[in-house]
Number of protein chains: 2
Amino acid sequence: MERLMKSIRIGINDKIFLKDPDSSDLGKRIVKQSILMIDEMGFESFTFRKLGAQIGSNESSIYRYFENKHKLLLYLASWYWGWLEYKMVFATNAIPDPNEKLQTAINVLTQTVKEDDSFSHVNEVLLNKIVINEYSKSYLTKEVDQENKEGYFEIYKRLVNRLGEMIVAVNKDYPYPASLASSVLEGALHQYFLTEHFPKLTDCNESVSPTQFFTDLVLRTLTYNNDG
Amino acid sequence: MERLMKSIRIGINDKIFLKDPDSSDLGKRIVKQSILMIDEMGFESFTFRKLGAQIGSNESSIYRYFENKHKLLLYLASWYWGWLEYKMVFATNAIPDPNEKLQTAINVLTQTVKEDDSFSHVNEVLLNKIVINEYSKSYLTKEVDQENKEGYFEIYKRLVNRLGEMIVAVNKDYPYPASLASSVLEGALHQYFLTEHFPKLTDCNESVSPTQFFTDLVLRTLTYNNDG
DNA sequence: ATATATTGATAGTAATACTATTATTTTTGA
DNA sequence: TCAAAAATAATAGTATTACTATCAATATAT
């Protein structure tokens with residue numbers, strides 16, 4: 001798996017960047033260091049000037065890769081969701097039983113990332129933390145419809161839809177597969193956030209994972225029968 | 001109900017503001033106009049300078065009420081959740097049956113606000129939209145733990161806990177009442193957002209409401225029996 | 001009528017989020 | 001291998017943001 005992951009490339013909508021950061025050493029340093037810095041100081045405090053100082057490069061050079069830090073966040077998020085999608089498809093592909101397939105998908109999608117593959121310049125552990133803390137900010141904007149039209153959220157949407165299809169495969173009569181799928185993905189991020197900062201608002205903790213909560217939730221929801 | 005709501009006052013942690021905006025005409029104009037402007041231009045573009053220009057007051061005067069726009073957002077959010085809490089407690093108070101009580105609570109908590117009471121200086125319809133689009137930004141910050149310690153999220157937490165208790169009252173064996181409660185509240189905001197901007201990621205639309213989705217979800221989850 | 005509190009006006013600062021221009025270095029490909 | 005092209009760096013500059021400070025004007029309360 002690691003060897004495979006090492007060589008994959010996430011296909012990201014090329015309107016998100018001005019110059020593909022994967023195409024040069026500077027581009028990779030921008031991505032790598034921005035992940036460390038956004039995790040460290042938070043997206044609000046992060047600036048291209050600070051990033052330039054850290055990587056020994058110039059602010060103006062970074063602007064040749066990304067229009068602004070918002071676009072960089074969209075890039076990082078797309079990378080993350082693309083990577084998760086790959087892991088999910090890989091993990092579920094060979095499973096014929098719809099129940100087991102869905103179960104496996106939920107496992108992959110709602111687990112925290114424990115270690116990065118250390119081959120790529122992308123630290124997936126930190127990227128996972130960034131997505132938990134910052135992803136919402138990438139779409140809670142006045143420009144969301146325009147940016148959606150331009151395809152900046154395609155990978156995420158595809159991932160939600162894949163999960164939705166697996167839900168349908170388990171129970172074709174369940175009336176809200178898309179809402180359940182989007183709730184699982186978004187909710188997992190939220191439950192991780194709560195575990196860290198608002199422990200009284202969640203039952204998840206060191207011994208109970210969001211994966212357990214959502215696995216149970218989806219099971220109950222899809223195998224419900226009203227004779228009980 | 002309208003008459004009652006007219007005179008209620010939401011008790012908001014007074015560390016959120018420097019001077020109670022409810023205590024003066026200027027304070028009320030700040031709150032009223034900020035709601036209109038944040039809804040209109042989004043939180044990022046909104047500034048105290050622009051707000052001052054709109055209400056014919058001075059930027060520096062606004063800073064005497066709120067340290068910064070983040071605190072103003074915390075104030076508006078607290079007001080909103082306090083108002084919802086009031087509506088929920090009022091609506092559920094007299095209901096003895098736990099199932100019906102929970103059902104009513106979910107109704108109140110996941111419905112959009114259709115008209116404001118027009119007595120208060122707060123437009124609840126717009127405030128509801130603001131909470132959908134901006135609330136996450138109030139806690140997805142590096143300062144969240146400090147601010148939580150100072151009690152800025154008390155009302156929201158109390159509301160989630162109340163809902164969690166109602167869930168326990170319906171099914172004391174369900175292992176994730178807090179997570180389910182927080183998922184319903186947060187998820188309702190998210191489903192409304194998706195309906196507006198990512199319709200393919202939700203089953204909610206003009207004829208299916210997030211209320212229906214979550215009512216059904218909670219019903220299935222709490223009345224599940226594994227004989228099926 | 002006067003002290004006090006509130007608001008307004010003006011100005012100023014450091015930082016942000018860029019853009020523009022020009023210089024320097026690196027890459028490439030004829 | 002040398003010249004052209006591309007990429008990066010350095011420097012400077014602009015408009016805006018997010019404030020703070022000071023002082024003047026006005027309203028209010030005793």
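For clarity, every value in this text was computed on a predicted model and none was experimentally measured. All chains are named by letter (A, B, ...) in the order of the sequence lines, taking the proteins before the strands, and each is independently numbered beginning at 1.
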Glu134(A) bridged to Lys137(A) by N-O distance under 4.0 Å: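 Here Glu134(A) pairs with Lys137(A) in a salt bridge, since their nearest N and O are under 4.0 Å apart.
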
For side-chain hydrogen bond (donor to acceptor under 3.5 Å, both in side chains), just list the numbers for Ser182(B) and Thr202(A), CA-CA rounded to whole Å, side-chain angles, deciding distance to a tenth of an Å, and then say yes or no. CA-CA 7 Å; Ser182(B) 55; Thr202(A) 178; 5.4 Å; no

Kindly assign one of parallel, tilted or perpendicular to the pair Tyr139(B) and Phe153(B), based on the angle between their ring planes and the thresholds 30° and 60°.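 Because their plane-to-plane angle is over 60°, the rings of Tyr139(B) and Phe153(B) count as perpendicular.
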
Distance check: side-chain N/O of [X] vs OP1/OP2 of [N], anything under 4.0 Å?
X        : N       : answer
Lys50(A) : dT16(C) : yes
Ser24(A) : dT26(C) : no
Ser61(A) : dA9(D)  : yes
Ser57(B) : dG8(C)  : yes

Relative to Phe198(B), does Lys157(A) satisfy both conditions: NZ or CZ under 6.0 angstrom from the six-membered ring centre, and within 45 degrees of the ring's axis?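 No, a cation-pi geometry is absent between Lys157(A) and Phe198(B).
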
Could you check whether [X] gets within reach of a base, just the sugar-phosphate, or nothing at all, counting any heavy atom under 4.0 Å?
X        : answer
Phe48(A) : nothing
Glu44(A) : nothing
Ser60(B) : base
Tyr65(A) : sugar-phosphate

Does either side chain, that of His70(B) or that of Glu143(B), offer a donor lying less than 3.5 Å from an acceptor on the other one?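 Absent: no donor and acceptor within the cut-off.
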
So, Lys142(A) versus Asn133(B): side-chain donor-acceptor pair below 3.5 Å or not?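 Asn133(B) and Lys142(A) do not have a side-chain donor-acceptor pair below 3.5 Å.
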
Through what angle, rounded to 10 degrees, does the axis of the helix from dA1(C)-dT30(D) to dA30(C)-dT1(D) turn between its ends, using five pairs per end?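 Overall, the helix from dA1(C)-dT30(D) to dA30(C)-dT1(D) bends by 10° from one end axis to the other.
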
What integer distance in Å separates Leu18(B):CG from dT20(D):P?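 To the nearest whole Å, that distance equals 9 Å.
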
Can you check the Tyr63(B) OH to dA9(C) C1' distance for me, whole Å?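 Nearest whole value for this atom pair: 16 Å.
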
Any donor-acceptor pair under 3.5 Å between the side chain of Glu59(B) and the base of dC19(D)?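 Such a pair exists between side chain and base.
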
